[in-house]
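Since the structure is predicted, the reported quantities are computational estimates derived from the model, not experimental observations.
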2 protein chains.
Amino acid sequence: MVDDQILIDNFFGRCEPKLTEQITQHLMPHIKVIRPAKKQIIIRENQTNSFAYFIIQGAARSYYLQNGVEVNTWFAFENEVVGSLRNYNDLPSRETVELLEDSVLIAFNMVGIKPLMLAHLEVSSFVNPVIGDYAAYLEDRLYYTHLRSAHDRFTTIMSQRPEIFNRVSLTHIASFIGVSRETLSRLRAR
Amino acid sequence: MVDDQILIDNFFGRCEPKLTEQITQHLMPHIKVIRPAKKQIIIRENQTNSFAYFIIQGAARSYYLQNGVEVNTWFAFENEVVGSLRNYNDLPSRETVELLEDSVLIAFNMVGIKPLMLAHLEVSSFVNPVIGDYAAYLEDRLYYTHLRSAHDRFTTIMSQRPEIFNRVSLTHIASFIGVSRETLSRLRAR
DNA sequence: GCAATCATTTGATATAAGTCACAAAATCAT
DNA sequence: ATGATTTTGTGACTTATATCAAATGATTGC
């Protein structure tokens with residue numbers, strides 16, 4: 001197993017612009033590596049959660065309950081961030097995030113990092129792009145979900161996010177596309 | 001007609017935390033008040049646009065073309081910001097934004113403001129919440145669009161965004177909810 | 001004020017997708 | 001390995017929504 005500190009150093013090493021040693025020391029107390037197993041839940045619907053997670057290894061799904069049934073809203077894989085800005089603003093999450101595989105994550109305690117952003121331009125400049133990326137990712141999600149027919153959503157996601165079909169069960173994908181399992185099965189049969 | 005400078009002063013006056021005089025002087029060259037008429041387009045699909053707009057007075061719709069037909073994606077009113085983070089990242093907009101009423105807007109030239117963010121913590125702290133709000137707004141949009149039946153989307157939007165039904169034509173609303181005008185008419189008749 | 005356009009409603013029919021029921025295949029736990 | 005559980009596929013039938021057509025109501029420009 002790779003040492004936690006090496007994973008964190010790697011992560012900072014790939015940040016642009018580079019953070020000074022002093023700033024990483026400020027951030028360190030609010031960062032930790034976790035290795036949750038498959039099926040573990042890292043964010044719960046209707047609960048506030050102060051963490052954002054960067055996926056070093058693994059896969060996750062987001063879903064919420066609608067009349068008692070789970071509706072999948074997105075899947076995330078390596079080098080993506082999961083978390084909700086609602087949490088960052090002290091609002092409860094709309095979604096539950098569950099891991100689909102044994103994973104390695106970096107957990108950022110945003111409650112601890114938020115005051116550092118206001119105090120240090122460098123931290124602010126580090127977190128901003130993450131929020132920007134998150135918004136871009138939401139725009140992507142919106143684009144996909146706004147496609148009319150199940151067939152359109154199926155082919156678009158199939159062509160633009162093929163990794164989803166490689167790593168996620170069809171049951172989860174059906175719920176995500178917004179069709180019944182049976183309909184997805186029939187779309188695939190075409 | 002209210003003087004431009006008074007509108008801008010008002011806007012800054014309501015910002016939290018307050019900006020220093022020095023910083024507002026830095027921002028001023030990148031801000032202007034515009035008064036576009038109904039039907040005017042302020043952001044075009046597939047074009048990069050360096051501006052974000054704050055609506056002082058008026059209403060706007062976002063839409064994109066899908067097989068030649070306009071699909072409405074959102075409506076915005078007073079005290080809301082329209083713009084795309086894709087523009088901010090030099091990517092072309094996915095949507096066209098058209099005004100539904102004669103409007104008064106503050107236009108922020110984000111290309112000019114971006115370097116100020118990196119140089120001044122105060123500017124960074126001023127723009128960050130806007131990006132956060134934008135992400136929260138995207139999360140809202142996602143929540144609505146992910147509802148399964150047209151009837152669910154109709155009643156949810158009806159109860160949570162009633163102002164849309166007061167100010168936007170049913171034709172636009174139908175396209176937004178993702179149903180034909182005829183179906184929306186029948187949903188309303190219930 | 002009147003014609004012309006645009007928005008909304010209503011009816012008849014067609015079609016995509018849902019639901020229920022069950023079989024087959026794959027995966028998991030002991 | 002073997003049985004148990006989960007996942008995927010297929011058929012019959014139902015339902016929601018789209019589409020086409022046409023009438024009524026509301027706005028807009030001249």
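- For the atom pair B/Gln22 CD and B/Leu27 CG, the distance stands at 11.0 Å (nearest 0.5 Å).
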Using nucleotides 26-30 of chain C, report all nitrogen or oxygen pairs with the protein that are shorter than 3.5 Å.
none

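- The outermost nucleotides of DNA chain D lying under 4.0 Å from heavy atoms of chain B, listed 5' to 3', are D/dT17 to D/dT28.
- B/Arg141 is linked by a side chain to side chain contact (heavy atoms under 4.5 Å, CB included) to A/Leu142, B/Thr73, B/Trp74, B/Glu95, B/Tyr137, B/Leu138, counting only residues two or more places apart in sequence or in another chain.
- Ring geometry for B/His172 versus B/Phe75: interplanar angle of 30 to 60°, hence tilted.
- Ring-plane geometry between A/His26 and A/His120 is classed as tilted, the angle between the planes lying from 30 to 60 degrees on a 0 to 90 degree scale.
- How far CG of A/Asn79 is from CD1 of A/Ile55: 9.0 Å, rounded to the nearest 0.5 Å.
- Listed in residue order, the members of residues 156-170 of chain A having a heavy atom less than 4.0 Å from DNA chain D are A/Ser169, A/Leu170.
- Heavy atoms only, all atoms of each residue included: A/Ser125 and B/Leu118 are closest at OG-CD2, 3.7 Å.
- In this structure, B/Thr171 reaches the sugar-phosphate backbone alone: every heavy-atom distance under 4.0 Å involves primed, P, OP1 or OP2 atoms, never a base.
- The nearest whole Å value for the distance from the CD1 atom in B/Ile173 to the C1' atom in C/dT8 is 12 Å.
- Using five terminal pairs a side, the axes of the helix from C/dG1-D/dC30 to C/dT30-D/dA1 at its two ends make an angle of 70°, given in steps of 10 degrees.
- Taking each heavy atom of B/Ser124 and A/Ser124 in turn, the nearest pair found is OG-OG, 2.6 Å.
- Results of the side chain to side chain contact (heavy atoms under 4.5 Å, CB included) test with B/Leu105 over B/Ile34, B/Ile56, B/Val33 single out B/Ile34 as the only residue that passes.
- A/Val82 and A/Val168 are not part of a single hydrophobic cluster, where members link through side-chain heavy atoms under 4.5 Å apart.
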Expected rows: protein N/O vs nucleotides 15-18 of chain C N/O, under 3.5 Å:
{"from": "C/dA17", "atom 1": "OP1", "to": "A/Ala150", "atom 2": "N", "distance (Å)": "2.8"}
{"from": "C/dG18", "atom 1": "OP1", "to": "A/Ser180", "atom 2": "N", "distance (Å)": "3.4"}
{"from": "C/dG18", "atom 1": "OP2", "to": "A/Ser180", "atom 2": "N", "distance (Å)": "3.1"}
{"from": "C/dG18", "atom 1": "OP2", "to": "A/Ser180", "atom 2": "OG", "distance (Å)": "3.2"}
{"from": "C/dG18", "atom 1": "OP2", "to": "A/Thr183", "atom 2": "OG1", "distance (Å)": "2.4"}

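- Distance alone, capped at 3.5 Å, places no donor-acceptor pair between the B/Asp4 side chain and the B/Lys32 backbone.
- In terms of hydrophobic clustering, with Ile, Leu, Val, Met, Phe, Trp and Tyr side chains grouped at heavy-atom distances under 4.5 Å, A/Leu170 and A/Leu100 are assigned to a common cluster.
- Taking a cutoff of 4.0 Å between a charged side-chain nitrogen and a carboxylate oxygen, A/Arg167 and A/Glu78 qualify as a salt bridge.
- Classification of the A/Phe108-A/Phe11 ring pair by plane angle, with boundaries at 30° and 60°, yields tilted.
- Residue A/Leu19 holds its CG atom at 5.5 Å from CZ of A/Phe126, rounded to the nearest 0.5 Å.
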Checklist entry - Could you walk me through whether A/Arg61 and A/Glu70 pass the salt bridge (charged side-chain N to carboxylate O under 4.0 Å, His left out) check? => result CA-CA 11 Å; A/Arg61 70 172 174 123; A/Glu70 295 177 2; 2.8 Å; yes
